[in-house]
Every structure is written in C-alpha cells, then in structure tokens.
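The structure appears below as structure tokens.
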Amino acid sequence: MPPAKRKAADDGIGRASKRSTPAPATPQSVDSLSDDDYAESEDEGLDEEGGKIKLSAAQAQRQKDQKAAITKLNKRTQFSRISRLTGKSSRLFGQKDFHDLGLKKDHENRPIWIDARVSEGSSKGPKITLESFAPNASKATDLLTTIAEPVSRPAHLHEYRLTEHSLYAALSVGLKGDDIINALEKFCKTNVPDGIKAFIERNTLTYGKVRFVLRDNKFYVESEDDEVIYKLLTDSVISGCKAAGAEVQTGTIQTKATVIQGTAGAKGQTQVSQQQGEIPRDDPAAENEAMIQALRDEDDDEDSFRQTHSFEIAKGTRETVAQRCLEIGLPGVSEYDFNNDKNNPNLPIDLKPQTQIRPYQEKALSKMFGNGRGKSGIIVLPCGAGKTLVGITAACHIKKKIVVLCTSAMSVYQWASEFKKWSDVRDEDVTSFSSSEKKKFPGEAGILVSTYSMMCIDPEGPRCAYDTKNMLQWVQSQEWGLMILDEVHVVPAKMFRKVQDTVRAHCKLGLTATLLREDDKITDLNYLIGPKLYEANWMELANQGHIAKVQCAEVWCPMSMEFYQEYQKASSRKQLLYYACNPIKFQVCQFLINYHENRGDKIIVFSDNIFALEHYAKAMMKPFIHGQTSNKERQDVLENFQHNEIINTIFLSKIGDTSLDLPEATCLIQISSHYGSRRQEAQRLGRILRAKRRNDEGFNAFFYSLVSKDTTEMAYSAKRQAFLVDQGYSFKTITHLQGMDQMPNLMYKDPRERMELLSEVMLVSEDQGDLEKGANNLWATDKGPRGRGSNKKKGLTGVRRTAGSLAEMGGGGIMAPIYQERQRGAQTADKNSFFEKEKRRRTALEKKRRAEASK
DNA sequence: GATTATGAAA
DNA sequence: ATTTCTTCATAATC
C-alpha cells in the first residue's frame, strides 16, 4: 500500500530536489525536466574554444531551489508518516489518496500509473503517467499515443491525459471501449480505477453513430440508428440547420426530413423510430444498452448493405451541426470511402518510385487510412519532419480532386513544387490560386493550391476581382476528395473558418507542428476538422536523426544601470523597447554571433521588435529582413545566407517564424519575441531542425533566447518555453559568458556609447508616446508612410525627430551629431556595398528562373 | 510589368 | 490586457 500512496502523493516533489533548470520556469516546466539534463549542461557544447560558460549564479539559484524542495519534501514525509500511523490519510491527501487502488504484484513490469480522479466538467481528462524507462514502455507508448493526449514528454516520466477527443480518435482507428480498458489494465501498475473505466465507457458508447457525408455537393447527416436521427432532428440547434428543401409543414418532421438510403423497407423503419422516439427517455442505461447492441450489429455486417437515414443540412451550417453533435455526446465522424466513390473523377497520381516514406510518416498515415477509408483529422509533426510529404502521400491514396490551403503565397509555390517533386502527377494538373496566379486545372481532376485568405474572400464583395470571383465559384461547385490544411492551427480564427463553406471536401487533413494557440479555440478543431490522429515525439525524431538535435539555452542579460532606471519609469509598452535594446543583451548577441561564426555556424537572429532588429543589424553590419523589405531584397538576403560564405548571420523579424526553409542554418538567437507565445518559440526553433548537417557526428544546433534580467521578459520567456519543455527539450540558464569582456570590438563598453543608445531608445518611445496621444502622424490620417516601401521615409522621419528633440534634453547636444553620423554611415555602407553589388546578379538569376518556370 | 498605396484581418 | 507587425488582395500609378 505505501508505495502507491507515496507515488501518487509525491508526484513531482521528490524529483524537484534534483531539478535541472532554476527559476524562472513555470511549475509545470520545472517538474517535467529530467535529472540528467543538468549533468549534461556542465561539460558540453560551448566550452571548446575558450567560450566557457559559467553557471555560477544558476548554481546558486539551484541550491536555493533544492533547499526549498527538501523542506517541502520533509513536510510531506511527515504527513505521510502521520497518516500511516493514524490511518487517516484521506483527510490529509484529500482527493489525492489512492492507497486503496491496490498495487499489482508485478507492478515493476508495468509502466503506467493512472490518476483515479475524474473531474466532471473540467476540460482536462484523467491523467496517465508513463515511466518511459520501464519494461514494456514502448508498447505502452504506442497505446497511449493512440488513446490519450500527450501533455508532456521529457526524458523519463511522460504525462498523458485521456480526453473525450483522444478517445474518439482511438475509436476512429478501430478500437473499442473494452479494448481500451483491457489494454490499460495490462499496463497499469494498479487496478484501473472504476471511475476511469466509467469515463472510458461513457465516452466510447456513442462514437460513430453520426456521420457527415457529402453527396451531390450537399452535406448530409447520416446515421443507421433511428433514435439518433430522431434525437438530432428534435435538437433545438440542429433542427434549425436542416436544409430548406427538407422543411415540412405538418408534424411529421422525421419521416419527411429523413432521406432514406438503401432498401425500400427503410421507410417503415423510420416510422418505427418515430414511435420509439416518443417514449420518454428516463432510462439511459437501457438506451445505452441498445446503442451497444446497435454498434455490435454494425460491426457484424461491416461490408454488407446497410440501412442509413440521413437529412440534408443547410449551406454553411456544417460547423454548427458538428459542434452541437459533439456537445450532446454524439460526435460526428466523416470518413471518405474513396475507393468506392464512382461519382468523382480519379486523378492519376502516385508517389515516385524513389520516394521513401519515413516510419513515423507511415504511422501517421496508417491512422488516417486505417480501415481503407479516409478519415478527417489532424497530424502533428515537428517542423522539418516532412509534413508536406505526408500530405502528398495522402493525396496519392485518395486520388481525387485535391485542394491544399496554406497561409502565404510563398507556401503555395512550395507545395506546388513539392507535389511535382515527390509524385508523378502531371505538371499541368497542379495549379495555384493566389493573387498572382489564378488557374484551374484543365482535366476533370487535379490539385489546386491556394491560401486561406483567398478562400475567405466574399465573391459578391464590391472589390472582388473578376477572376477571383470566377475561381471561387468554380471551387464552390466542385466536390473535393481531400482538403489539406497546412498550418492548421490558424483555422479556428474567425475569418478562416469560412473556408469550410467555400471548399466542400469529403476528407480533411490538417497538418501542423504546433497544435496550440494562446486563446482557447484550439479544441474547436475537433469539430472543424476532426480528431488529432497522430502526434510525433520531437525527441524521438531527433534521436533517430530525422530532425536536428538542439541545445537550448536562456541567457540572462543584466540590464545596464541607465536602461534599468528608464525601464522602471516607463509604461509597459515602452518597457519592451528598453529590454529589447538592453546594451548588455546587445553585447551577448555580438559575442554569440562571433563565437558561432568562428565555429562555422550559420546564424539567424530573431527580433519581433523592428526598431531593435534594425538597430542591431545595422550596428553589426549584417543583412536583415522584415515586413517592409521588398521581395527582391528578401530573396537577395536569403540566397546569400544560404550560399555566400561571407554572409553567415541574418536578422529576421517574425516574418521568418514560419515556412522558411533554410537548411544551412544551425544556430538561432532570439532577442525579442511576442509576449508568451509558445507557438512562436516552437516554430522559431523549427527553423534549425532541418539543418543539413544534422547527421554529422556529434552535431548540435543551438537555440539561444536572450532575456533581460529582472524584467517582465523573464516571465514571458518561461511561458514561451513551456511547449518545448513538454516536448522534452531542456533549457539551460546561462548567466555569464566567459570571455565576453575580453572580446575585441565589443560594443557599448563605453558608458558614453550606452547613453547614446539610451537617448535614441528614449526618443523612439517618445515617438510612440505621441502616437498614443493623438491621430497626428505616421500611422494616422497624415498620409504618412504605410505599407510596403515606406521603410526609408519612416527611417528618415525618425532621424529628423531625433535631432529636433535632442536639443531639449540636458547634455544631449553632444550626442546628437555622433548619433546622426553613425546612423547615416551604417546605412550607406550596409545598403550600397552589400545590396547594390548583389542586386544585378540576383535580378539576372531571377529572370533566368522565371524563364525556366514559364517553359 | 513593376511599384505603390490602401484596407482588412490575424 | 493590448497592440503592433505582417501578410494578402486589389487597383492605380509610372
């Protein structure tokens, strides 16, 4: 008895005494870190050539943490001792007392624990903990990834949760409720708690009763179960979503609204259902019994002729109906029996013979096509793990009209070329629909690649171009076999939900690396697309060499005195500028760039803040890209970064967060970011996961997050890391970079330089302060620069303002000329020498490419 | 055709 | 709690 109890009660506490990363991680992230991580951090990575990193302050912090944890632990041990003596553990442990669950004799051979608590109404389901080092752990992992949601998967203890959605996903793969319970019983160290069994049973009974099908380009809700149809039709929400044609005047709603498929006897069946439906439903047990029976019957004659009842739903109501079905416990599934679909033309497409699918990609696809039909759902793979190929393979299975939606025009181009690269599809059958290219495929079937925003245009809108309207109407008139949704986490956005009305597809496949949003809309995907079918383990893929291994570090940069004073005075908005431009951070960045360039790394520096981005880049004479950078210049910079030995570092704004493919990049430095966005952090990390050199002996990619100490940035940083920590990454905290002070040409060593920077930053914030006050400049009515190409003007305004305002500052007069000169010098040197020289070559290359493309 | 200004939305 | 920054589409320029 005691082991079970202690385990459950101490979960996390005992381990915390050896915790690896010091504060300021969130409790969640700290608990998920492993013991070994710290040991690694001391003898690794950076300290090869004098760039030794000392962890002294971090160690001190750790010791403090340890002490606190030990105190806590002692308290806890006392409690459990008392409880053992008194036998009144329940009072002390409350809901966490699991001692009567009963530990199995051979518990050591079983890898999982189940938390018996099932909290009703909470969005989190029961927790399952997997000891990944235990025997049978890999089999248990297979089971858990199928039936549960991975919450956190660091080195040793993995946390999963059973949720209704995860169970639905399991059922869609063909498991039954009993199978799930039996399998859990096999792996669980204790007896599976009754509450958990009940939870599973409750959530697996009604699965598959309702289906959404597409016929003649109309959506139908279909079920074999008369009662289910009755229940749907009498539901307050769903009844309102019936198509107008199915409307009836008299009281015989069910019969007339129910479109009967199959045998002639179906009509009688429906009438029976009507009568059954009138029986008061106060015996759910009996009802459930009937449903199970129905399910069994269905299983028995899987492939025989089945009776189904269905009714059409009105245009644009699919989402509402799907959501409602989920709410009333009748989750709808949409499966596409593409092999037997004779109504839609086939598309001749297969993978090229030399195309190889990786095992995990195959696994993901097997979840989708498990029973020979195409299930709608979401596949989660880390950046660089070949999401595109998964999508293409799915398309090759279904072989019908395919539509691919992505977030940017750039991705459209990429998807189209990937299709041509991996599959034998004819070039003319792959067409793009974006602002620049509006083409229909010539044959009956084909592949259309487009963007979400394109699909969301209102074709009747006054500003809609003729071609666009034409294309949209064509898209709407088609019955698509498969819709691939790239970066599917954007779909819950209010605007992008509209794509569901424009594109009517039998089957939907969502792809993403980061299935998370900072709002609570991510669960909406369950009814918008389908369940999460597969989620890869980042660490596992890294260990197998499919993606690069990454060392993550958070570098704490103290604020310089002057900056900290101003920081404290500033409003929260201006604070951001102060901690982004912290001169110490600048020095750290300079040092790290220098260090990694000498190692032969290619470095990307990310900054969300455009001012900081430009400032850093110009001062260090590195090329940079942000939203206002023209397309040509972007290509310039990226091309050079990839192939020019002289350009080893580029600065990117959040423009580079997603869908940039730079396999040369091996090191990433983040100097400013978007609050606590976990998605951004993960996707930035994704930029270096496809590093070409990833399989070199002992290769590591590096990810640094620079954080200004004692600022709000610390808290955001901790939050941002949560997702990656759950994926098994551990962040080391670096508080001192040895050798930095000795570095030659280190900037901002001179206090005067810092003051100069400070006044510059202060003026920027003042500039923004003006903005707050009134609609008088830059962004307002003034016809000030806006949108593309306004970069130069904006910069100039800034400089002019600087000069004017400096006069008002005490002692500022000395700085003003210095500042202006440097600014101008940096600008001209940077622009002319680098860009002008490359421009001609790039334009020539571009022309050549265009010519080839048009052939 | 390339560039630019503009609005909308995430 | 909020916003800036980015992107996209489109039409008007030269």
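Hydrogens, waters and symmetry mates play no part in the numbers below; they use all other heavy atoms, side chains included. Proteins come first, then strands; the chains are lettered A, B, ... in the order of their sequence lines, and each starts at number 1.
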A:Ile457, nearest nucleotide to its side chain (from C:dA1, C:dA9, C:dT7): C:dA9
Contacts of type side-chain contact (heavy atoms from CB on, under 4.5 Å), residue A:Thr388, not counting sequence neighbours: A:Ile392, A:Trp415, A:Glu418
Proximal nucleotide (of C:dA1, C:dT6, C:dA9) relative to the A:Met454 side chain: C:dA9
Pair A:Lys654 + A:Asp608: basic N to acidic O under 4.0 Å: yes
Lys/Arg N to Asp/Glu carboxylate O, A:Glu566 vs A:Lys569, below 4.0 Å: yes
Closest listed nucleotide, where the reference is the side chain of A:Thr451 and the choices are C:dA9, B:dA10, C:dT3: C:dA9
Spacing of CD1 belonging to A:Ile529 relative to CG belonging to A:Leu485, to within rounding of 0.5 Å: 4.5 Å
Among B:dA10, C:dA9, C:dT7, the nucleotide that comes nearest once only the side chain of A:Ile655 is considered: C:dT7
Electrostatic pair A:Asp524:A:Arg497 at N-O distance under 4.0 angstrom: yes
All side-chain hydrogen bond (donor to acceptor under 3.5 Å, both in side chains) counterparts of A:Lys387, not counting sequence neighbours: none
Stem regions touching DNA chain B, defined by at least 3 consecutive Watson-Crick or wobble G-U pairs below 3.5 angstrom: B:1-9 with C:6-14
Minimum-distance nucleotide (side-chain atoms of A:Ser435 versus C:dT6, C:dT10, C:dA9): C:dA9
Nearest listed nucleotide, side chain of A:Ala409, among C:dC8, C:dC5, C:dT10: C:dC8
